[in-house]
Protein chains: 2
Amino acid sequence: MSDQPTSKRRRPQQARSQQRVEHILGTAAGLFAEQGYEAVSTNHIARAACVSIGSLYQFFPNKEAILDALVDKYLNDMQEALIGRIEEAPSLEDAVQRIVQGMQRFGKSHKAFKHVFAEVQLAAVTDRIHTTVVGWIEAMLGEHYPQLAPEQCHAGAEVSLCIVKGMMLVYDRPTGLTREQLSAEMQAALLAYIHDLVRRNGITPGA
Amino acid sequence: MSDQPTSKRRRPQQARSQQRVEHILGTAAGLFAEQGYEAVSTNHIARAACVSIGSLYQFFPNKEAILDALVDKYLNDMQEALIGRIEEAPSLEDAVQRIVQGMQRFGKSHKAFKHVFAEVQLAAVTDRIHTTVVGWIEAMLGEHYPQLAPEQCHAGAEVSLCIVKGMMLVYDRPTGLTREQLSAEMQAALLAYIHDLVRRNGITPGA
DNA sequence: TTGAAATATGAGCAATTACTCGTATTATAA
DNA sequence: TTATAATACGAGTAATTGCTCATATTTCAA
């Protein structure tokens, strides 16, 4: 996603510094997840990672660069964890299940992601993720329903992502439902919408 | 929602100070909407409202109290703007339309609300809103489908709110869809899910 | 008219913010 | 072994944060 330096700063060249950068990122992810991006300071991150503030700024030109690096990582991880599996899905129902469960797993193991993804004021960063994921869903819809016009695919993808986003906001809230129930309901909601979409466009839903 | 003092601070008693408090709240709402809660300082609010920082702290014991007061106001406004209309809705389809359009209107005229509602890290405040709104939707479902078990109503309400929340996150994003299209799609999504829910529970959807 | 309560003011405080820079410690290639 | 580049360090900077408090002004009942 970015091979040139993320920053004007030095890129880590020796093994120890590469490990350090990884470690800083991991620590930052944890803190962001717990307290949110704005509430976490760079000094805070450095202290928690047992790294001097100077070392942190050796590799990250500013606070936002840390978040950017995290987002790069997340988009890559998501691509691996989700997209491969979605393309292999034999049916739309299967694809929907993989999306919902994949997102759930991903949100669980990368809690900071949920913040970044849902936080409204980090518009630039959020946009990158949003656009990327909409593209994936759009492609999936187009593949399963070639008769669907491109604009319809796009609209469907935007709305589907709405649903998935709302879903992620609610996963760690005490809803009275188990994760499995929530997951099942969200799959049902997504499928119900998609089936409705294609039906409205005069296509008989497959399977 | 709270008649006793919001704070340990003086309650405004004279007309001029009541106006001032209103004005501070309005200004804060605007700033929160533009920049998010964390990014806006109390000094900032005071300056923008043309009020000294001391006056601000005369009526609000701390920054959070400003947000709390806003949420009180929003929940009241929402109750008036939405709930009355929902209870009068002749059909579920109509109720869904009123919810989606009401939320949209509300998000438009109270932009700060969107932030507060969706922001993950303001857990306490967000919870109040979430719980309140889930209750409303739950009641609506129970009324339109008396055969639906209370847990089913609750589950349905939680998932429906997920969808509405995701919706609010996306309204002012360049999606390539007009507001009307988005609104229509979201109504369709909500209805598709609810119809699916009652169908799965062996009830033939009305109308 | 008077005086006490309500309201208004903003300089200023301690704490924290994102970030710099001079210096010290490593690693590596010659 | 040595010299140069890479890495590490953390005291220190200016700016900003949420918030206080002594003082000044306004309101209104008596």
Side-chain angles (χ1 to χ4, degrees), chain A residues 4-29 31-32 34-70 116 119 121-122 124-125, chain B residues 5-29 31-32 34-70 119 121-122 124-125:
Chain A
Q4 54 260 44
T6 312
S7 54
K8 299 112 196 178
R9 290 306 207 280
R10 239 206 264 312
R11 305 212 77 195
Q13 305 192 345
Q14 306 175 354
R16 62 172 167 154
S17 61
Q18 276 159 21
Q19 282 179 335
R20 267 182 154 233
V21 167
E22 285 303 309
H23 183 231
I24 292 173
L25 277 180
T27 308
L31 292 175
F32 288 161
E34 277 171 31
Q35 304 171 238
Y37 175 76
E38 301 270 8
V40 174
S41 74
T42 49
N43 288 304
H44 202 108
I45 296 172
R47 209 180 312 126
C50 296
V51 157
S52 83
I53 183 67
S55 292
L56 190 152
Y57 276 95
Q58 195 120 100
F59 301 106
F60 300 98
N62 51 48
K63 189 183 172 186
E64 212 190 331
I66 301 175
L67 187 60
D68 275 340
L70 267 181
V116 176
E119 218 157 351
Q121 60 257 63
L122 303 173
V125 170
Chain B
T6 313
S7 54
K8 298 111 195 177
R9 289 306 207 278
R10 235 205 271 304
R11 305 212 77 192
Q13 305 192 346
Q14 305 176 355
R16 61 172 167 154
S17 61
Q18 275 159 20
Q19 282 179 334
R20 265 178 157 235
V21 166
E22 285 303 309
H23 183 231
I24 291 173
L25 277 181
T27 308
L31 292 174
F32 289 161
E34 276 171 32
Q35 306 171 238
Y37 175 75
E38 300 271 8
V40 174
S41 76
T42 48
N43 288 303
H44 202 111
I45 296 172
R47 209 179 313 128
C50 295
V51 157
S52 81
I53 183 66
S55 293
L56 189 153
Y57 277 97
Q58 194 121 114
F59 301 105
F60 299 99
N62 50 47
K63 189 182 172 186
E64 212 190 330
I66 301 175
L67 187 59
D68 276 340
L70 267 181
E119 219 157 354
Q121 61 259 60
L122 303 173
V125 170

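Just so we're on the same page: letters track the sequence lines, and every chain starts at 1.
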When rounded to whole Å, the CD to C1' distance for the pair A:E38 and C:dA18 reads 12 Å

A:R16 CZ to C:dT26 P, in whole Å, measures 8 Å

The nucleotide from C:dT17, D:dC19, C:dA8 with an atom nearest the side chain of B:S17 is C:dA8

Checklist entry - Which part of the nucleic acid, if any, lies within reach of B:S55 when heavy atoms closer than 4.0 Å are counted: base, sugar-phosphate only, or nothing? => result base

In whole angstroms, the gap separating P of C:dT16 from CD1 of A:I45 amounts to 16 Å

Output yes when at least one side-chain N/O atom of A:S41 is less than 4.0 Å from OP1 or OP2 of C:dT16, else no.
no

To the nearest angstrom, the CD1-P distance between A:I24 and C:dA18 comes to 15 Å

Any side-chain N or O of A:S52 under 4.0 Å from OP1/OP2 of D:dG10? no

B:K63 atom NZ is separated from D:dT17 atom P, nearest whole Å, by 9 Å

Next item on the list: May I ask you to test the A:F60-A:I24 pair for a side-chain heavy-atom distance under 4.5 Å?
Entry: yes

Item to complete: Using a 4.0 Å heavy-atom cut-off across all strands, classify A:V21 as base, sugar-phosphate, or nothing.
Response: nothing

### Message
Does C:dA18 have OP1 or OP2 under 4.0 Å away from a side-chain N or O of A:T42?
### Response
yes

So, OP1 or OP2 of C:dA8: does either fall under 4.0 Å of a side-chain N or O from B:Q58?
no

Residues A:Y37 and A:K63: closest non-hydrogen pair is O-NZ, 3.0 Å

### Query
If you look at every strand shown and take non-hydrogen atoms under 4.0 Å, does B:N62 touch a base, only sugar-phosphate, or nothing?
sugar-phosphate

In whole angstroms, the gap separating P of D:dA8 from CD of A:Q18 amounts to 11 Å

A:P12 and A:R20, any side-chain heavy atoms less than 4.5 Å apart: no

Comparing nearest nucleotides in DNA chain C, the 5'-proximal residue of the pair B:V51, A:A15 is B:V51

Minimal heavy-atom distance between A:L31 and A:I45, with the atoms involved, is CD1-CA, 3.8 Å

From CD of A:Q14 across to C1' of D:dA8 the rounded distance in Å is 11 Å

Walking DNA chain D from its 5' end, the first of B:N43 and A:N43 to be reached, judged by nearest nucleotide, is A:N43

Of the candidates C:dT20, C:dA18, D:dA8, the side chain of A:I53 sits closest to C:dT20

Going by heavy atoms in the side chains, are B:I66 and B:L56 under 4.5 Å from each other? yes

Here the distance between atom C1' of C:dT25 and atom CZ of A:R20, to the nearest Å, is 12 Å

